[in-house]
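Protein chains get the first letters and strands the later ones, always in sequence-line order, with residue 1 at the start of each. Keep in mind that this is a model prediction, so the values were computed, not measured.
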Number of protein chains: 2
Amino acid sequence: MPAGTVGETPLYQVVADALRARIRSGDLRPGDRLPTEHELMAEYGVSRNTVRLALNLLTAEGLITGGRGRAGRVVRLRELITIHVAHHDEPGRGAGNEDSPFIEAVHGHGFRPSQEIEVAVRRAPDGIAEKLGLAKDALVVLRSRLRLLNGDACSIADSYYPYELVKDTPIMEPYDIKRGAIGLLAERGWVQNRYVDEVSTRMPSPDEARRLGLSPGIPVLFQIRTGYVDDKPIRVTRTMLRGDRHRLVYELPS
Amino acid sequence: MPAGTVGETPLYQVVADALRARIRSGDLRPGDRLPTEHELMAEYGVSRNTVRLALNLLTAEGLITGGRGRAGRVVRLRELITIHVAHHDEPGRGAGNEDSPFIEAVHGHGFRPSQEIEVAVRRAPDGIAEKLGLAKDALVVLRSRLRLLNGDACSIADSYYPYELVKDTPIMEPYDIKRGAIGLLAERGWVQNRYVDEVSTRMPSPDEARRLGLSPGIPVLFQIRTGYVDDKPIRVTRTMLRGDRHRLVYELPS
DNA sequence: CAGTGGTCTAGACCACCGT
DNA sequence: CGGTGGTCTAGACCACTGG
């Protein structure tokens, strides 16, 4: 039964299912090496291309990694970092220090957090001007923070401010902001008292995957936070998080 | 330059990049048909397998659909439904009628929502007993709601209740609950006053993909909500949402 | 160095679907 | 019916990596 067979399940599905079962059952554990492509060819009596179709499938599901050279393929580990983004006991939490949720999230987990900050002035990109209530081509300040864990990129937070609001403030400088950007704006009379989070997911573009060092099969989690003073938006933060590393937690009163 | 070439970008990447560019630029719009595999072979002078590698890549990125028979492949549409899960003006919103956030979300979008409810009594699955503060093998009631839009599955909400709390209530019946499950529990003295949402994402398992009718390249959004009376958990809802259809919105005071 | 995965070709049969 | 994508094989060369 060689070629385009039948109403049965495709061979590469059979192989993929078998491997998936071995992973789910614990026979193959996170970190373990998978059998070689050659071994799988022999084990299931199929061609290499068919084995590779199966392996590609599992990769796209995020179950295994690719593997170059002698390294072989490995069962992927899924270890989520919890980020508390809202907490009804301390309302200030969600709007506090610029990066405290990030820092707190990894605190005490043996991770060594760091970040790289870039600041730019530009015309508001698509969707941001609208959210900030500005004209389509208005100037905004973009603070881009690449967050690293033990040197590995794991999320990108891009904050946009109306230029007129933050010019001549430390927000324009690519350094940590004492008491956070929100606190700094508060000192200048813009006291944020409300924010809206939009959470969504999709597969990354190749460029986004490259920036986060993402391998195939890992989706990204998007969190877009708009901060308001009453009804005036003063800040939009667009955060892109590796889906295999993050969990957002909202704790709220009913 | 036939086989395993070079330090350049792989051929299938070149083809994928070209198609991606045509999609991003608007040359190919959502709903349009892609060129045939044969046409792409001719256009880029590569073998069919190489063309298919490129197309598989774009599929895994969620940019295009598969396509059988004469139907051809199509550029995918990404249209998000907004679900307001928390709203500081109406704290009751997030905990109100069992399915009001779902119904409200699609209200007035020309969608025709419906749902299929199943109820079962079983031992608490992994992670649920813990969240409910029950013994490992305690009995729970599972209310599973498959939510449909115009007949298409788009999310699955599984609610777990301690059996002792809800036996002999309408929660055990596979019908809509008047005033919602939360309201019903409140009438019986269990007034939920706090909840915690955990949001994460990953690629679906084949079974999950089948249940939601998901094609490759579409991640799922997970929302796990634990409802409390003070510190006693009374309900856990695990919602699995198609990533290409949903956006969760949390509106909060600072 | 030796073995692994990465890339590529040429050719084949079949299931499905619109016309 | 005829063309599309789905599945599969056999064989080839190369790049990368660990020992």
Side-chain angles (χ1 to χ4, degrees), chain A residues 1-19 28 31-60 63-76 206 209-210 215-217, chain B residues 1-19 28 31-60 63-76 206 209-210 215-217:
Chain A
M1 224 176 324
T5 332
V6 217
E8 305 179 13
T9 58
L11 277 185
Y12 76 96
Q13 284 280 5
V14 173
V15 176
D17 290 347
L19 288 174
L28 287 171
D32 285 358
R33 283 186 55 166
L34 287 174
T36 309
E37 293 185 358
H38 260 87
E39 292 170 347
L40 291 172
M41 289 169 65
E43 191 173 343
Y44 296 97
V46 296
S47 76
R48 183 148 91 103
N49 270 341
T50 303
V51 167
R52 301 197 99 247
L53 279 178
L55 293 173
N56 280 343
L57 202 60
L58 298 182
T59 306
L63 277 181
I64 65 176
T65 67
R68 295 191 83 94
R70 201 63 175 276
R73 298 170 186 272
V74 171
V75 178
R76 206 190 285 282
R210 192 183 43 72
S215 33
Chain B
M1 223 175 323
T5 334
V6 217
E8 306 179 13
T9 58
L11 277 185
Y12 75 96
Q13 284 280 5
V14 173
V15 176
D17 289 348
L19 288 174
L28 288 170
D32 285 358
R33 284 186 56 165
L34 287 175
T36 308
E37 294 185 357
H38 260 89
E39 292 171 346
L40 291 173
M41 288 170 65
E43 190 172 344
Y44 296 98
V46 297
S47 77
R48 183 149 91 105
N49 270 341
T50 302
V51 167
R52 301 198 97 247
L53 279 178
L55 293 172
N56 281 342
L57 201 60
L58 298 182
T59 306
L63 277 181
I64 65 176
T65 67
R68 294 193 83 96
R70 202 63 176 278
R73 299 170 185 272
V74 171
V75 178
R76 207 192 285 282
R210 192 183 43 72
S215 33

Q) Got a donor-acceptor pair under 3.5 Å from the side chain of A/Arg33 to the base of C/dT4? A) no
Q. Of the nucleotides C/dA12, C/dT4, C/dT9, which one has an atom closest to the side chain of B/Arg48?
A. C/dA12
Q | Presence of donor-acceptor pair under 3.5 Å, side chain of A/Arg52 and base of C/dT7 | A | no
Q: Tell me whether the OP1 or OP2 atom of D/dC8 has a side-chain N or O from A/Thr50 closer than 4.0 Å.
A: no
**Q.** Between P of D/dC8 and CG of B/Asn56, the distance in whole Å
**A.** 13 Å
Q: Report the distance from atom CG of B/Leu40 to atom P of D/dG3, rounded to the nearest whole Å.
A: 18 Å
Q: Let me know the distance between CD of B/Gln13 and C1' of C/dT7, rounded to the nearest Å.
A: 11 Å
Q. What's the shortest heavy-atom distance between B/Leu55 and B/Glu37, and which atoms?
A. CD1-CG, 3.8 Å
Q: Using heavy atoms to find the nearest nucleotide of DNA chain D for A/Ala71 and A/Pro10 separately, return the residue whose nucleotide is more 5′.
A: A/Pro10
Q.
For B/Gln13 versus B/Leu57, what's the shortest heavy-atom pair and its separation?
A. OE1-CD2, 3.8 Å
Q.
Tell me the interatomic distance from A/Met41, atom CE, to D/dT9, atom C1', rounded to whole angstroms.
A. 10 Å
Q. Nearest heavy-atom pair of A/Ala18 and A/Tyr44: which atoms, and what distance?
A. CB-OH, 3.2 Å
Q. Do any side-chain nitrogens or oxygens of A/Thr36 fall under 4.0 Å of OP1 or OP2 in C/dT4?
A. yes
Q.
Treating A/Thr65 as the side-chain partner and A/Val74 as the backbone partner, does any N or O pair qualify as donor plus acceptor under 3.5 Å?
A. yes
Q) What distance separates A/Thr36 OG1 from A/Glu43 CD, expressed to the nearest 0.5 Å? A) 10.5 Å
**Q.** Touch class at under 4.0 angstrom, heavy-atom based, for A/Arg73 against every strand present
**A.** sugar-phosphate
Q. For B/His38 and D/dG3, what is the distance between atoms NE2 and C1' respectively, to the nearest whole Å?
A. 9 Å
Q: Can you tell me the distance, in whole Å, between the CG atom of A/Leu57 and the P atom of D/dC8?
A: 12 Å
**Q.** Nucleotide nearest A/Glu37 (side chain, heavy atoms from C-beta), chosen from C/dG5, D/dG5, D/dC8
**A.** C/dG5
Q.
Rounding to an integer number of Å, can you tell me how far B/Leu53 CG sits from C/dG6 P?
A. 11 Å
Q: Find the distance B/Asn49:CG to D/dC13:P and express it as a whole number of Å.
A: 18 Å
